[in-house]
Amino acid sequence: MLVRRFRLGDEHALWRVFHSAIHLIAIRDYTSDQVRAWAPEDIDPTLWRQRMEAINPFVAEHDGQIVGYADLQPTGYIDHFFVSGHHPRQGIGSLLMATLHNEAHDHEVRELTSDVSLTAQPFFARHGFVVVEHRTPAQQGVVVPNARMRKALGNTVEA
Ligand SMILES: CC(C)(COP(=O)(O)OP(=O)(O)OC[C@H]1O[C@@H](n2cnc3c(N)ncnc32)[C@H](O)[C@@H]1OP(=O)(O)O)[C@@H](O)C(=O)NCCC(=O)NCCS
C-alpha cells in the first residue's frame with residue numbers, strides 16, 4: 001500500500017472511490033434518495049476535477065489501483081475521507097488517517113475537524129474524534145445528516 005499526493009489524472013478513480021463508498025457502504029445508514037443526492041450519477045467532471053485539485057488529497061494506492069483518498073486543509077478541516085466500497089475494513093482508512101495526523105504534526109495543526117457521515121462516525125471515534133454538533137445539511141434539496149467531529153492534537157503547555 002502506498003500513500004501519495006493527488007496527481008491530475010487521478011480524478012476519475014477518486015470519483016469511483018467516492019461513488020462506491022457512498023453507494024455500497026454509506027447506503028447502510030442513508031436512504032436511496034439521500035445517497036443519490038450525495039453522490040449523483042450525473043456529476044460534472046470538470047467541476048469534480050477542480051474540486052479534487054482544490055482539496056489536494058492524499059491518495060491510497062494498492063497494486064496500482066486507487067482505493068481511498070482523504071485531504072487535510074490548513075485549518076485542520078478534513079473535507080473528503082473515502083475508502084472504496086470494494087475494499088472495506090482492510091486498514092486503508094486507518095492508513096489515511098495516520099497520514100493526516102503526520103501532516104497535521106508537520107504543519108503544527110492543533111485541531112482536526114470534519115463533518116462526518118453517520119457511517120464514518122464509529123471510525124472517526126475510534127481515531128479519537130468526538131461529536132460536537134449534529135448537523136442536517138441539504139444536498140440538492142435532500143437532507144443528509146452528519147456530525148461535526150473534532151480532535152485536539154498534541155499537548156500545549158500554558159505559560
Ligand atoms: C469510514 C471509512 C472511511 C472507513 O474506512 P476503512 O478502510 O474501512 O477503515 P479501517 O479498515 O481502517 O477501519 C479501522 C477501524 O475503524 C472502525 N470502523 C471502520 N468502519 C466501521 C464501520 N462501518 N462501523 C463501525 N466501525 C468501523 C473499526 O474499529 C475498524 O477496525 P476493525 O475493522 O478491525 O474492526 C469507510 O468505510 C468509508 O469510506 N465509508 C463510507 C463513506 C463515508 O461515510 N466517508 C466519510 C465521509 S466524512
Side-chain angles (χ1 to χ4, degrees), residues 1-6 10-41 43 47-48 50-105 109 111-140 142-153:
M1 190 79 65
L2 158 81
V3 178
R4 59 166 176 79
R5 276 289 186 183
F6 170 78
D10 289 340
E11 57 274 9
H12 183 68
L14 298 196
W15 167 252
R16 298 313 314 166
V17 167
F18 175 80
H19 187 276
S20 69
I22 294 168
H23 285 261
L24 299 179
I25 306 293
I27 188 71
R28 294 172 198 160
D29 301 295
Y30 294 94
T31 66
S32 301
D33 283 351
Q34 288 171 322
V35 157
R36 275 196 297 270
W38 188 6
E41 304 298 331
I43 193 152
L47 287 180
W48 175 260
Q50 289 169 349
R51 183 89 192 109
M52 292 302 103
E53 279 186 279
I55 67 170
N56 190 27
F58 291 95
V59 169
E61 225 182 85
H62 181 60
D63 286 343
Q65 186 188 359
I66 292 178
V67 290
Y69 71 96
D71 70 305
L72 179 67
Q73 299 308 305
T75 56
Y77 184 70
I78 299 166
D79 197 342
H80 278 219
F81 197 116
F82 293 97
V83 170
S84 159
H86 301 289
H87 299 79
R89 306 295 276 265
Q90 296 176 18
I92 298 164
S94 296
L95 180 62
L96 285 165
M97 188 60 95
T99 302
L100 299 192
H101 278 71
N102 288 338
E103 181 76 0
H105 180 264
V109 170
E111 177 182 275
L112 300 178
T113 55
S114 189
D115 295 318
V116 182
S117 71
L118 302 173
T119 312
Q121 284 171 30
F123 169 81
F124 274 72
R126 162 88 179 252
H127 288 281
F129 288 74
V130 294
V131 172
V132 292
E133 184 190 354
H134 292 282
R135 305 172 70 253
T136 51
Q139 309 254 22
Q140 313 203 25
V142 179
V143 171
V144 183
N146 62 29
R148 174 64 57 98
M149 296 185 79
R150 190 175 83 86
K151 179 180 180 178
L153 299 177

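All ligand and atom numbering here is 1-based and tracks the order in the structure.
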Do any N/O atoms on [X] end up under 3.5 angstrom from N/O atoms on ligand 1?
X: R89; value: yes
X: R126; value: yes
X: G91; value: yes
X: V83; value: yes
X: D115; value: no
X: F81; value: yes
X: Q90; value: yes
X: S94; value: yes

When you measure from atom 17 (C) of ligand 1 to every protein heavy atom, which one gives the shortest distance, and what is it?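 Sorting protein heavy atoms by distance from atom 17 (C) of ligand 1 puts F123 CA, 4.0 Å first.
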Full working for ring pair (Phe, Tyr, Trp, His ring centres under 6.0 Å) between F123 and F129: CA-CA 9 Å; F123 169 81; F129 288 74; 8.7 Å; no
Just by distance, do the side chain of D71 and the backbone of I78 share a donor-acceptor pair under 3.5 Å?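 No, because the side chain of D71 does not come within donor-acceptor range (under 3.5 Å) of the backbone of I78.
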May I ask you to check whether F81 and F124 place their ring centres under 6.0 Å from each other?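 Yes, they do, as the ring centres are separated by less than 6.0 Å.
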Do you see a protein non-hydrogen atom under 4.0 Å from atom 21 (C) of ligand 1?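 Under 4.0 Å from atom 21 (C) of ligand 1, at least one protein heavy atom found.
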